[in-house]
There are 2 protein chains.
Amino acid sequence: MQKTTTANPTARQTDLTEIFDTIEYSDAYRITYLANSIVFPTYAAIKRDFGLVRAEYILLACLSHYDELTARDVAQISMRPRNTISRAVHRMVAEQLIERRHNRVDKREASLTITKKGQRLHKRIAAYLTQRQEDVFAGLNVQERQELSKLLRKTALHTAALNQ
Amino acid sequence: MQKTTTANPTARQTDLTEIFDTIEYSDAYRITYLANSIVFPTYAAIKRDFGLVRAEYILLACLSHYDELTARDVAQISMRPRNTISRAVHRMVAEQLIERRHNRVDKREASLTITKKGQRLHKRIAAYLTQRQEDVFAGLNVQERQELSKLLRKTALHTAALNQ
DNA sequence: TCAATATTGTTCCAAATGGAACAATAAATT
DNA sequence: AATTTATTGTTCCATTTGGAACAATATTGA
């Protein structure tokens with residue numbers, strides 16, 4: 001709970017980073033803040049430059065790292081509702097960024113794969129995210145960065161099990 | 001790039017966590033995954049139980065930790081567009097969760113404060129987020145958790161400066 | 001075997017969202 | 001002082017979003 005002032009409006013009186021320490025769920029807050037800092041500007045740039053909405057580049061990213069996935073898999077990996085993935089699939093099949101092939105065994109599902117064109121696009125998009133990632137983590141030295149990586153990995157694996 | 005199969009549809013063949021390691025921007029990815037894991041289920045619960053949308057509880061959280069802020073401050077802290085904050089302000093003033101007082105010096109802006117009622121609501125919401133935070137970080141031991149906290153804090157502060 | 005239940009992916013619809021243009025005010029520049 | 005530029009907060013509008021109901025298929029269990 002910090003003093004702010006409107007008495008002297010010329011100077012920025014309030015330290016807008018205090019909440020990092022004072023909020024009850026400070027780790028969750030910091031994580032979310034960092035995620036937003038990475039994702040929001042990059043998302044806007046991807047939309048502007050490539051015309052993809054979030055569910056679409058998520059789909060592209062997932063398919064870039066697995067030989068094939070079902071829409072259900074993608075929804076689970078990304079924690080997005082199935083209908084947004086479904087929409088993304090249709091638009092991206094139309095754009096020939098991915099391919100869909102009905103499963104002969106289980107006729108409900110279809111397996112999705114990325115095309116060459118899709119892979120090329122993913123590479124360009126990944127460069128945006130990688131760049132922003134480096135900017136965000138530039139405040140850490142090499143050991144710190146490694147340690148953070150390790151801890152995030154462990155936490156993410158634990159959480160994935162939790163989300164199951 | 002991992003083998004999956006649709007040949008034997010009964011067993012889950014694909015390890016959906018592999019992407020944590022194989023993706024180009026793995027730190028950014030892990031951070032985002034964790035943020036989503038914390039925020040999505042909690043957000044849904046907050047909406048269900050209290051009827052608040054995201055911009056609204058963000059506003060509440062910000063005002064819980066500063067004596068007063070302008071809408072602009074909140075937009076900056078939360079990295080949300082100004083119009084979503086504006087909407088949230090109006091609804092929450094109507095609900096008497098926050099108060100708005102026009103600034104005499106700079107007539108464009110208004111200073112926002114949280115009410116007692118707003119504070120009580122924030123406490124209840126914070127409990128949801130805190131609980132989820134604990135679940136997500138339960139995979140770490142005490143030292144690891146402390147170390148992660150420290151690294152996240154440093155990175156968040158660096159990023160806040162970057163976002164300025 | 002047949003009914004009941006679960007799962008996958010889709011469509012529909014109402015709500016949330018964010019960019020852009022705007023009015024009001026303030027600050028900077030001439 | 002007058003003009004130009006910047007800032008704050010708002011409204012408008014088109015798009016994105018996600019819950020819920022649904023059809024098709026698969027699985028479970030009586």
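Keep in mind it's a predicted model, so treat the numbers as computed, not measured. Naming: A, B, ... by sequence-line order, numbering from 1 per chain.
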Residues passing the ring pair (Phe, Tyr, Trp, His ring centres under 6.0 Å) test with B/Tyr33, sequence neighbours excluded, are B/Phe20
Taken to the nearest whole Å, CD/B/Glu56 to P/C/dA15 is 14 Å
Per-helix bend value, the helix from C/dT1-D/dA30 to C/dT30-D/dA1, C1' rotation axes over five pairs per end, 10° rounding, shows 30°
Hits for side chain to side chain contact (heavy atoms under 4.5 Å, CB included) against B/Glu144, two or more places apart or cross-chain, chain-then-number order -> A/Leu151, A/Lys154, B/Leu140, B/Asn141
Problem - Side-chain donor-acceptor pair present, B/Glu109, B/Asn103, cut-off under 3.5 Å - result: yes
Residues at least two apart in sequence or cross-chain that pass ring pair (Phe, Tyr, Trp, His ring centres under 6.0 Å) with B/His122, listed by chain then number, are B/His65
Residues passing the side-chain hydrogen bond (donor to acceptor under 3.5 Å, both in side chains) test with A/Arg54, sequence neighbours excluded, are none
Across all chains, not counting sequence neighbours, the side chain to side chain contact (heavy atoms under 4.5 Å, CB included) partners of A/Lys123 are none
Nucleotide by nucleotide, nucleotides 6-13 of chain D touches protein heavy atoms under 4.0 Å in the pattern (B base, S sugar-phosphate only, - none) BBSBBBB-
Show me the donor-acceptor pairs within less than 3.5 Å that the side chains of residues 45-53 of chain B make with the rest of the protein, sequence neighbours left out.
residue, atom, partner, partner atom, Å
B/Asp49, OD2, B/Tyr128, OH, 2.4

Those residues at least two apart in sequence (or on a different chain) that pass side chain to side chain contact (heavy atoms under 4.5 Å, CB included) with B/Pro81 are B/Asn83, B/Thr84
From CZ of B/Arg80 across to C1' of C/dG19 the rounded distance in Å is 13 Å
In whole angstroms, the gap separating P of C/dT25 from CZ of B/Arg104 amounts to 15 Å
Which part of the nucleic acid, if any, lies within reach of A/Phe40 when heavy atoms closer than 4.0 Å are counted: base, sugar-phosphate only, or nothing? nothing
note: B/Tyr43, atom OH; D/dT17, atom C1'; distance rounded to Å ~ 9 Å
In whole angstroms, the gap separating P of C/dA26 from NE2 of B/His102 amounts to 13 Å
Practice problem: For B/Arg91, look at atom CZ and say whether over 12 heavy atoms of other residues, nucleotides or ligands are found less than 6.0 Å away. | Solution: yes
A/Ile46 atom CD1 is separated from C/dG19 atom P, nearest whole Å, by 14 Å
Residue pair B/Lys47/A/Ala44 against DNA chain C: nearer the 5' end by closest nucleotide is B/Lys47
